[in-house]
Amino acid sequence: MAETAAALRTVAYNVRAARVRAGLSLEELSRRAQVSKGALVGLEKAQGNPNLATLVRLADTLGISVSALMQGPAEGRVRVVSAAAVAPLWSGEHGSEARLMLTTTGPAPVEVWRWKLEPGEEYPSHPHQAGVVETLSVTRGRMVLTVDGTEHTVEAGQTATFDGDTAHVYRGTGDGPCHVIMTVHLPPGPTPAPTRPEGPAPTA
C-alpha cells in the first residue's frame, strides 16, 4: 500500500508540473484529454486510481511519455529494470497484462512495454498524437493486430510497426498466451494532441 501511495504521489506531482509547463488550466487539460475535471483535481491531490487509458490520454495531451508521468528523477547512467519490479498498468479479466518497463531519455523518447495477451482477450487503444509509431515484436504465441479496422496476424518471431494516430486493437489468439515486446516511439517536442473521441477501453 505504501508503494502504491508513493507512486500516486509521483504521478500527481508530474501531472501538475507538466500541466503548468504547458500553460494549461485544469479546465483546458480536462477538455483536451477528455478526462473529467473532478478526476484531474483528485489526481493532482494524489487521490483516486487512474487507469491506463487515462494516463495515455494525459500523456498524449501533454506531449510526454506515460512513464514521464510515473517515474521520479533518473538515477545513474544505466537503468536495469526487472519485470517483477514493475506493476501492470492494465490487467485483463483472463490474465492479460501490460507493463511499462521504462522510457528512454532524449528529444524523441521511446517507451518499452511488455505485454501478455491471453487467447480471446483484447485491448482497444484510442488514437495517439500524430507522430507516434508503435512496433510490436511477438516473442511467443500469436496475436491479431487491428489497425484502422484491418486485421493483421503477428506470430512468434515476427515484428509489426504502424503509425499510432489511428484506432488500434491488440488481441491474443491461438492456444496459449502471446508475449509481446512493444516500443512506442514518441515525436520530439511537447506537441499537444487534438481532441478526439475516445473509444471503449478496459479498466486497469
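Given the structure is predicted, the values throughout are model-derived calculations rather than measurements. All residue numbers refer to positions in the sequence shown, counting from 1.
For the atom pair CG of Asp60 and CD of Gln129, the computed distance is 5.0 Å after rounding to the nearest 0.5 Å. Of the inter-residue distances, the one linking Glu111 atom CD with Leu100 atom CG reads 5.5 Å to the nearest 0.5 angstrom. To the nearest 0.5 Å, atoms CG (Leu62) and CZ (Arg57) are separated by 12.5 Å. We find the CZ-CZ distance between Arg171 and Arg142 to be 11.5 Å, quoted to the nearest 0.5 Å. Summarising the geometry, atom NZ belonging to Lys116 is positioned 10.5 Å from atom CH2 belonging to Trp90; distances are rounded to the nearest 0.5 Å. The line from CG of Leu89 to CG of Asn51 is 10.0 Å long, rounded to the nearest 0.5 Å.
The closest side-chain heavy-atom distance from His126 to Val56 is below 4.5 Å. The shortest side-chain heavy-atom distance between Pro50 and Val35 does not fall under the 4.5 Å cut-off.
The aromatic rings of Trp115 and Trp113 are tilted relative to each other, their planes meeting at an angle between 30° and 60°.
Under a 3.5 Å cut-off, the side chain of Asp165 and the backbone N or O of Ala130 do not form any donor-acceptor pair. A donor-acceptor pair is defined here as one N or O able to donate and one able to accept, closer than 3.5 Å; no such pair exists between the side chain of Thr146 and the backbone of Gly149. For the pair Ser96 (side chain) and Glu118 (backbone), a donor-acceptor distance under 3.5 Å is present.
Ala46 approaches Ala12 most closely through the heavy-atom pair N-CB, 3.6 Å. Ala160 and Val154 get closest at one heavy-atom pair: CB-CG2, 4.0 Å. The two residues Asp175 and Pro119 make their nearest non-hydrogen contact at C-CG, 4.1 Å.
The side-chain hydrogen bond (donor to acceptor under 3.5 Å, both in side chains) check on Thr159 picks up Ser137, with sequence neighbours excluded. Checked against side-chain hydrogen bond (donor to acceptor under 3.5 Å, both in side chains), Arg99 has the following partners two or more places apart in sequence or in another chain: Glu97. With sequence neighbours excluded, no residue forms a side-chain hydrogen bond (donor to acceptor under 3.5 Å, both in side chains) with His94. With sequence neighbours excluded, the residues that form a side-chain contact (heavy atoms from CB on, under 4.5 Å) with Lys37 are Leu26, Glu27, Ser30, Val41. Residues satisfying the side-chain hydrogen bond (donor to acceptor under 3.5 Å, both in side chains) criterion with Gln158, sequence neighbours excluded, are absent altogether. Remark: Glu44 engages Arg19 in a salt bridge (charged side-chain N to carboxylate O under 4.0 Å, His left out) (not counting sequence neighbours).
Checking each of Glu134, Glu121, Glu122 against Tyr170 for a side-chain hydrogen bond (donor to acceptor under 3.5 Å, both in side chains) leaves exactly one that passes, namely Glu134.
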Checklist entry - Given Leu58 and Leu40, is the side-chain contact (heavy atoms from CB on, under 4.5 Å) satisfied, shown in steps? => result CA-CA 10 Å; Leu58 288 172; Leu40 280 177; 3.6 Å; yes
Item to check | Candidate pair Arg114 and Ile181, rule side-chain contact (heavy atoms from CB on, under 4.5 Å), full reasoning | outcome: CA-CA 5 Å; Arg114 294 174 66 101; Ile181 301 297; 3.8 Å; yes
Next on the checklist: Evaluate Asp163 against Val132 for side-chain contact (heavy atoms from CB on, under 4.5 Å), listing each step before the verdict.
Outcome noted: CA-CA 6 Å; Asp163 293 333; Val132 171; over 6 Å; no
Next on the checklist: Working note: Val180 + Thr139, criterion side-chain contact (heavy atoms from CB on, under 4.5 Å); need CA distance, chi angles, decisive distance, verdict.
Outcome noted: CA-CA 6 Å; Val180 182; Thr139 60; over 6 Å; no
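Under a hydrophobic clustering in which Ile, Leu, Val, Met, Phe, Trp and Tyr are joined whenever their side-chain heavy atoms come within less than 4.5 Å, directly or via other members, Phe162 and Tyr123 fall into the same cluster. Hydrophobic clustering keeps Leu117 apart from Val144 (ILVMFWY residues linked when any side-chain heavy atoms are closer than 4.5 Å, directly or through intermediates). No single ILVMFWY cluster, assembled from side-chain heavy atoms under 4.5 Å apart, contains both Leu136 and Val169. Residues Leu24 and Leu43 are members of one and the same hydrophobic cluster, defined by side-chain heavy-atom contacts under 4.5 angstrom among Ile, Leu, Val, Met, Phe, Trp and Tyr. Ile64 and Val110 fall into different hydrophobic clusters, defined by Ile, Leu, Val, Met, Phe, Trp and Tyr side-chain heavy atoms under 4.5 Å apart, directly or through other members.
For His168 and His152, the gap between ring centers reaches or exceeds 6.0 Å.
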